[in-house]
Amino acid sequence: MNDAIELSRMRDTDFTAAVDAQSGQRISTCYQCGNCTAGCPAGFVYDLQVNQVMRGVQLGLKNKVLNSRSIWMCLSCSTCSQRCPNNIDVAGVMETLRHMARKEGIVTVPKVDKFWTSFLATVRKYGRTYEIGTMVLYMLRSMRVFTDVDLAPAALAKGKLGFKPHKTPEEGAEAVGRIFKRYQERANRQGVRA
Amino acid sequence: MSITRFVKPEGLPAFLAHLSKDARVLAPVVKPADKRSVVFEPWKEGKEFTLEKATVPAKAAVLPQCETLVSYRKVKDKANPQNVKLELDDTPQAETTVVFAARPCDARGYVTLDRPYLKGPIADPYYKARREKLTVITLTCNSGCNTCFCHWVGGGPSSPEGSDILMTELKDGYILQGITPKGDALLEGSGLDDGADRFKEMEDVRKAAWATLVKAPNLKEAQAKVAAKFTDVDFWTRETDRCLSCGACTYFCPTCYCFNITDEGEPTSEKGGRRLRTWDNCMSPLFTREASGHNTRMEKALRMRNRVSHKFSTYPENWGTFSCNGCGRCISNCPVSLDIRQIVLDAINADKAAK
Amino acid sequence: MPVLNGKELRIVGFLCNWCSYGGADTAGTARAGQPTDLRIIRVPCSGRIDPLFIVKALLNGADGVLVSGCHPRDCHYAAGNFYARRRLEVLKQFLPVLGIDDRRFEYTWVSASEGQRWQHVVQTFTKRIHDLGPAPKLEDPEPLLKVVDMALTSLRPLGTGQKNKLDELKAAIKAKLPELDVVIGWQQGYDAARTVPLFMRTPEDVDKLVWGPFNVNNPAVYLPQYKGKKVGIVVKGCDAKSVVELLQENLINREDVTIFAMPCEGTLDMARVNQELGRYTTIDKVEYDEAGVTITADGKEHRFCMNDFAQGKCYGCTMPTAVLSDTLIGTPTEVKPGPYTPPELALLDSMSLDERLAFWRGQMERCIRCYACRNACPMCVCRDYCIAESREPHWISQEDSTRDKLFFQTIHAMHLAGRCTGCGECQRACPVGIPILALRQQIARAVAQLFDGYKSGVDPEAVPPLLGYEVEEKNIHEREWK
Amino acid sequence: MRIGVFICHCGSNIAGTVDCAKVAENARMFPDVVLAQDIMYTCAEPGQAAIEAAIHEHKLDGVVVASCSPRIHEPTFRRTVERAGLNRYMFEMANIREHVSWIGKDKEANTNKATELVQIAVAKLRNDKPLKAKSFDINKRVLIIGAGVAGIQAALDCAEGGIQVVLVEREATIGGKMAKLDKTFPTVDCSACILGPKMVDVAQHPNITLYAKSEVEDISGYVGNFNIKIRKRATYVDWDKCTGCGACTEKCPAKKTPDTFNELVGPTTAINIAFPQAIPKKAVINPEHCRQLTKGKCGVCAKVCPTGAINYEQQDEIITEEVGCIVAATGYDLMDWTVYEEYGGGRYPDVVTSLQYERLLSASGPTEGHIKRPSDGKEPKNIVFIQCVGSRDRSIGRPYCSGFCCMYTAKQAILTKDHIPDSKSFVFYMDIRANGKIYDEFTRRAMEEYGTEYIRGRVSKIYPDGEGHLIVRGVDTLLGEGVEIKADLVVLAVGVEAAKGSPKLAEKLRISYDSYGFFLESHVKLKPVETNTAGVYLAGVCQGVKDIPASVAQGSAAAAKVLGLFSKDKLENDPQIASVDMKRCVDCGKCIRCCPFGAIKEVEFRGKMYAQVIETVCQGCGLCTSTCPQGAIQLSHATDNQILAEVNTLCQC
Amino acid sequence: MKIAYYPGCSATGSSADYEKSTQAVCAALGMQMEEIRGWSCCGSTPAHAVDTQLSGALSARNLDLAARQKADMVLTPCPSCLSNLRHAAKRLENPEFRAGVNELLDEPLSENLPETLSVMQGIARAYDTDAIAARVRKPLAGLKLAAYYGCLMSRPHEVMEFGDPENPTLMESLLTACGAEMVDFPLKTECCGASYGIPERAMTARLTGRILNLATMLGVDAVVVACPLCQMNLDLRQQQAAKEAGVAFSMPVLYYTQLMGIAFGLAPSALGLDKLCVSADNLLRKLDQPAAYSKAPEGDKA
């Protein structure tokens, strides 16, 4: 049994406590009914199912959880939170884990992260996006940008994809830019990835 | 002619400082409030004081609101807890005290208290100890007032009874006149300027004060007439309709001397147990409530009868003079302005009214 | 036995026998380690805990008091903790006005099975008390004598009420008089610059009745002693509230009381009037106009404008006319409620906790325990059997101590919780002018905040809040033990 | 006073972290303490003997024991001091084990704390007074509320014991939930066959008075002497005349009346008899659906009734009964599962409750024992059972386990296979709770012999596919993947909740209930049948979820309590009750207003009114004492002065 | 009641038709909305995916602008923006969070920020169903519709407060008032999987297909949505889904505002109906059939 997880050594209870604290949830109340997994629309692209992620947090398996692909692929649709019999905001926990991974520089699905960064860069510059964020994300997650060939013509024909950047009027773009600047500075101060 | 001294207003603090070297000096102090009051408090250097008539008389100088008659401790033997030693201390706590700027009515109060506490079959050792260490400096009144009636009951704005020194306010200062040897001695050692040359002026001021008084009715019949009303419960009921049965009249009276005794504290504790003597109040139903719950003075009418009769009838019967000094505090401090003057006059005039 | 120096502070716990004491046992059985400061007093039910035990402890050296009972609904005695919850919450909101930090008192619910929760509660509370440090003693601070600011603006124009139809009122009383044993009103006192209560039994008595700004006394104070007799009473708006509250508590019977009312335009703060008049021998003249009174004493004129010299309560009065009456002469004036904090309470509000403690120390020193405050209070119906002077139970010593005097004021205030109508007679009666009304005002404010703006003396049918409960209290919430 | 103090080492339980000898030494300095010693085990026989000997030798008139919690040994030591001639209330305990030695390791602090706890106990004891109980007569009749299997068992046991029983049942027939079941686990016995004879016994027992279709309206009084008001609902049928022949039900034209006995899975008639074995077997008219009562015309049943029993004018009737004690056996209801919108919120007819499924299985049910799904009457082939619907679910405020669903689901899966051999059953479960006698074997049989597919996980969503099936989306956590089943029928194991109206009844009984409405027993382990109100006992699910054997056992246990209580001719009250000092009472009525037990009344004495405590009703909570502003009403053994003595001991600076 | 309007970035791009029809319907009802001057992106998914406080600051900036405009309420058509703005407001109740957000902003936030609601809620609050019905000129009688809310609108319940999180019914009540027949649509809050484009085409098609299939099985004339992303996914992906499911779909997917606009008698061009992939022509034709009038609600007489 070489690949057994040696719980006596591997458990990081500080991690469990940190997830509790940052998410405001009590992960210990999860009794592994699996309802989160049952209702998850994205489970098919997960390497760890949601209930397994929760179990990993309970056991303090930090590396396993923070390196999982699942936390990047979660859609934040909150179906899991809604149906959790123990009132755990599971989607909130997933988001917390994503934040933790990011701050530690662990990015298991780089394209997603790259998209977020470029999306935010646009917002930083113009104050608004030149297209609905999720729309491009939708393309990006496909990892074949603009090659959804059977769709693009129809979408373009209907004017569904715009490329003109809209600069926010009334000094809005500048104000948004300053938000990002301060955020960046704070992240630098704290020594975490922005 | 007695010893006199003169002091300018600005010289008073120094005089008090001189007095407080060897004694606790009780001086009137203003307590600021929407309804301000004046109380006697131990004076110390730098403390502000007033010469106004105090809301609360300086009775506490001889009869404190609460005093420890006996303090006692039970000391246990660690080896044998059944051995308990009792330690007792019943030494009267008396300090040398000067009451400064009492009014003549207050000073007469000490005389009124002296009779039952000192002149009866047994002298009260606690009272005696305090009384002997007391010197009274009295400020004469320069005018009458709406609730004062000292001149009805044998006193007056410059009555010397009970005072060791009489002090009178002149235009530019105060003249102090020794009344008793104790007072004379105090003045002699005071270092104040002689006041003999202001004596005449002083007498004029005092006379002028008398002149401000409203004419006093004749209370000669009061003792008999009040006694005659003893069985007329309706009379007392009418007179006390509005009485609230609180203790304001008695606790602010310079001559009320009733007390209650209670034990407090745990004898085995470090503080020990204390047998306390506290003021009591004949206007309270508790005053005569017996252990069974029975109360001989259940009605406030009967309690008021007691108070008025004591002051105007039974005390005079025992000691030959009213025990009311006409300071008027029971009237001015009463939440319903019950007026003892009116009760006495009603008793006197009851027959006439009936006719 | 003193607390362990430097290590412990004095923390007293009152625990109900059935749940929380059991919870503490469960914690012990589970070896759930706790700080050693807490001393537990076992009581049958949280409902048994008189809030005054807590004040008693806090005034006499406790640094913290913790109360714990069964969870709401789980009371061994069905409803004891529901009552306790209201009383303890009122107490919690009251303590700061005394200058006691309300964090020093906490109450919670712990069941017999919640050993862990108990451990957590003890740890948290002990830490809180250690963070706060030893409680200041009443005798520690220098006395602080601050004066209430009486420069107030009234919610309505104040006046002398001389346009009221006093003759009509007299006629109405005379008409009813044959059916009544007595009618209580006001008459002139020992001079024309004050009035005193009047007890009318004959038409001639009725002729003595006066109406005006000197009618300060609250005649309702006399009603309970006439229980069972037919009594008439003339009331101002504020007096009527006392009558209603007495009815609410079944202390008098509605059918025995006939209420005569006229709209009140305000009454004078006699403390300030007397201060202004100073020492005088005779009143020459008292003249009224719409806005005030001019008193001539010993030949000197003194002008008292109602807007400047009214009683504190008159400025915030929204009920100048009796809320309940049988005969009303005149028309009630509507007063729109506005922002109003009673001046005494405003003074306390402006102080820090330490200042409040120093304030009460300074104020209570001159109290000589005459109990005029208590006896002037229309709601103090057990004054003849007051625990201030009893040995069984023995709540207060007779010692001349500021603590005991302040404790009595707390007793009075707590006993008035949800009952005090703010008539202010306690403070007015105090011969040495201690602003004790502030304590009652704070209780009333807490009760109003907790119980949906509840005001006593308004609705004869309402249940006084501390004699009732809701299973789910709208405004009382369990504090989190985080 | 002469007080003896005994400090218990409790072996090393206390002495391990408390210097017991030092505590005893300190205690010697406390007032009135004439003796203080430390003892290895105070509660053991030698310890108790030492206390008794010391009482005699040192003429003690009060004893303090510092040991464990008074909740454990106060009764023990009270008996000890009583044996030595002291009044049992001249005794106090200091809890230096649970509250000191077990929660702290600092010996100095612990010793100091233990000393103070002893000091408090001494201070309290010095204010103790001997108290004496009073005795009063008992009315040896019992009221049993609820005639499900627990209530029936309690009634029969009491009746057999010679006690007169008043049995009140809300429904038209006794039998409760058990009467609705088809079979029972783990024996797959016919429910009606084993319950039926007991129901007949109830009907025939001379000591049992049965009020069906009745509810308890009001309860007053106290243990030994309760006064009960019972509201007998109008049935519009004179039961004295009704023979239960059923002629009326055959002819009744209102054939679409909802059938509550059949859990609404089929209709019934407006006049009906719940089921063939109903006790009492009497007809009842449902006034909301009776044409005569709603529209004023019909009268068919009156015409066909051979005994003229129909009475459309009948009104509710109030009956009074006097009893000495009460057993509550009000059972349970299923929670309203329609809060689960993800399961359709009740909109899909083929999603049924387990109890509805029992009626579908039952030969006396609407489908005569053939499993037909409600939507189209077809026989289902794929049946999905979902457990823990409304149990173990904090998100809807029901965190508790309903206890018996695992077992009946296994039973239903087995029965399904028996009824439809080519069917396939799936059970979604989280844990299988099968801890009774031959329970686990039973669930294993469902899996192994009946091919029931157990899937470990919850179901997230049920929705119709538009083609007559229900899509059940769940998870198999063992597999770590979502699963989906196309089902014909879904059976929800719906969680149990306290019977509707339980809190109201609890308030009438003056007993406590938990936040879910279950009645609170006196002690969760050691007094599961008693309540905190003397003379009120519990049986069955009203106290907490339990299955049939446990309900029956508790029914018998309650009966044993009743018989035990009635074995005495007189009862003694607990003297720790309130009393009024008439000298101080001003009759303000505040205590009367807030007494939770109605134990204070107003009495006249020499022309004045006073409050007076009814000694047999007072439970000793002391709420009155903290309410009385002048301290005129005092709770014995927890008087103001006793508590003040404790406070003053601690706070004196 | 002063209403501020937050269009969201998509309004000028992919969901121009949504924006157009929203404006048209609100104007027809007489609902006054003032666009927030200088509004900026709420941060969308990327911001909260990266940092909650950054997301909070980007959202809160807009709420603050609305507050300075003295708005009592902010309305937005986009569920994603709604979710972000409401989450921000909820988190700002925590003083620590508020302080952190204030650190990022030019100026501290106003003490009281207006509440954000969806335009749908805004309409329903201002106009009861009678008022809506009274505005109907061309009742949707004869149309059978399935309301599809998507996953963002009603979840999490504590934040969104959009009726029952599993079974919201607001769209149904609005469209019922317009005369349409609304079916009970069990998948109304199930995720359509829009975010997972091509790599998982089979699965996404299954999620989409499941919704389209059930709608088809229920025999509806159209699926009605309130989310730009859902609309695009369900509308655009029907062929892919069809391939997966082995059935052909031709299910119009309309914004609820488009249908309300139709009922109010507004011109199809004013509602952006030309942007639909699956044409709504059949649906419009069905409405024009005279039979439809027989079931017209009273509002039609006006």
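Residue numbers begin at 1 in each chain, while the letters A, B, ... track the order of the sequences. Values below: every heavy atom of this structure, side chains too, minus hydrogens, waters and symmetry copies.
From B/M298, atom CE reaches atom CG of C/D384 across 6.0 Å, with rounding to the nearest 0.5 Å. Note that CG of C/D298 and OG of B/S143 are 7.5 Å apart. Values are rounded to the nearest 0.5 Å. To the nearest 0.5 Å, atom CD of residue C/Q225 and atom CG of residue B/L244 are 8.5 Å apart.
In this structure, B/W279 and C/I368 have side chains that are in contact, with non-hydrogen atoms separated by less than 4.5 Å. Counting only heavy atoms from C-beta outward, the side chains of C/H394 and B/E264 approach each other to under 4.5 Å. Contact of the C/P431 side chain with the B/R329 side chain is not registered, since no non-hydrogen atoms from C-beta on lie closer than 4.5 Å. Proximity of B/F252 to C/V432: side-chain heavy atoms (C-beta onward) are separated by under 4.5 Å at one or more points. For the pair C/E365/B/V39, no side-chain contact is recorded, criterion being any heavy-atom separation below 4.5 Å from C-beta on. Contact annotation: the side chain of B/C66 never approaches that of C/R369 to less than 4.5 Å [non-hydrogen atoms, C-beta and beyond]. The closest side-chain heavy-atom distance from B/N146 to C/I283 is not below 4.5 Å. Side-chain contact between B/R289 and C/Y385 is present, with at least one heavy-atom pair separated by less than 4.5 Å.
When each of C/K146, C/E425, C/Q275, C/E344 is scored by its heavy-atom pairs under 4.5 Å with chain B, the top score falls to C/Q275. With chain B as partner, the option from C/E399, C/M150, C/Q427 having the largest number of non-hydrogen pairs under 4.5 angstrom is C/E399. Highest contact tally toward chain C, considering only B/Q342, B/R274, B/E41, is held by B/R274 [criterion: heavy-atom pairs under 4.5 Å]. Taking B/T278, B/T147, B/N333, B/D241 one by one and counting their heavy-atom pairs under 4.5 Å with chain C, the maximum is reached by B/D241. Highest contact tally toward chain C, considering only B/L276, B/L338, B/T250, is held by B/L276 [criterion: heavy-atom pairs under 4.5 Å]. Looking only at heavy-atom pairs under 4.5 Å with chain B, the residue among C/P219, C/S397, C/A372 that has the most is C/S397.
Looking at B/C249, there are no atoms closer than 4.5 Å to chain C (heavy atoms on both sides), in backbone or side chain. Proximity to chain C is absent for every atom of B/V38, based on heavy atoms less than 4.5 angstrom apart. Proximity to chain B (any heavy atom under 4.5 Å) is shown, for C/C373, by neither the backbone nor the side chain. Contacts of C/D269 with chain B are made by side-chain atoms alone, with heavy-atom separations under 4.5 Å and no backbone atom involved. Contacts of B/P32 with chain C are made by both backbone and side-chain atoms, with heavy-atom separations under 4.5 Å. Within the 4.5 angstrom heavy-atom criterion, only side-chain atoms of B/T55, from C-beta onward, approach chain C. Looking at C/E392, neither its backbone nor its side chain comes within 4.5 Å of chain B, counting heavy atoms on both sides. For C/N217, the part sitting under 4.5 Å from any heavy atom of chain B is the side chain, from C-beta outward, and nothing else. Interface remark: C/P435 contributes no atoms to any contact with chain B (heavy atom separation under 4.5 Å). Of the two parts of C/Q398, the backbone and the side chain both hold a non-hydrogen atom closer than 4.5 Å to a non-hydrogen atom of chain B. At a 4.5 Å heavy-atom cutoff, C/L347 makes no contact with chain B through either its backbone or its side chain.
Summarising the local packing, NZ of C/K300 is surrounded by 12 or fewer heavy atoms from other residues, nucleotides or ligands at distances under 6.0 Å. For NZ of C/K229, the number of neighbouring non-hydrogen atoms (other residues, nucleotides, ligands) closer than 6.0 Å is 12 at most. C/Q187 CD: more than 12 foreign heavy atoms inside a 6.0 Å radius. The environment of CZ in C/R279 is crowded: more than 12 heavy-atom neighbours from other residues, nucleotides or ligands sit within 6.0 Å. For C/E142, the CD atom counts as loosely surrounded, since its 6.0 Å shell holds 12 or fewer non-hydrogen atoms of other residues, nucleotides or ligands.
A pairwise comparison of heavy atoms in C/R194 and B/S337 identifies CD-OG, 4.3 Å as the closest pair. Of all heavy-atom pairs spanning C/G433 and B/A33, the tightest one is O-CB, 3.4 Å. Annotation for C/N375 and B/S245: closest pair ND2-O, 2.8 Å, computed over non-hydrogen atoms. Smallest separation of non-hydrogen atoms from C/T282 and B/V214: CG2-CG2, 4.4 Å. Between C/Y222 and B/R242, the shortest heavy-atom distance links the atoms OH-O, 2.6 Å. Here the closest non-hydrogen pair linking B/P335 and C/R428 is O-NH2, 3.2 Å.
Here the side chain of C/R272 pairs no donor or acceptor atom with the backbone of B/D34 at under 3.5 angstrom.
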Is there a side chain to side chain contact (heavy atoms under 4.5 Å, CB included) between B/C246 and C/R383 once you walk through the steps?
-> CA-CA 9 Å; B/C246 73; C/R383 59 175 82 102; over 6 Å; no
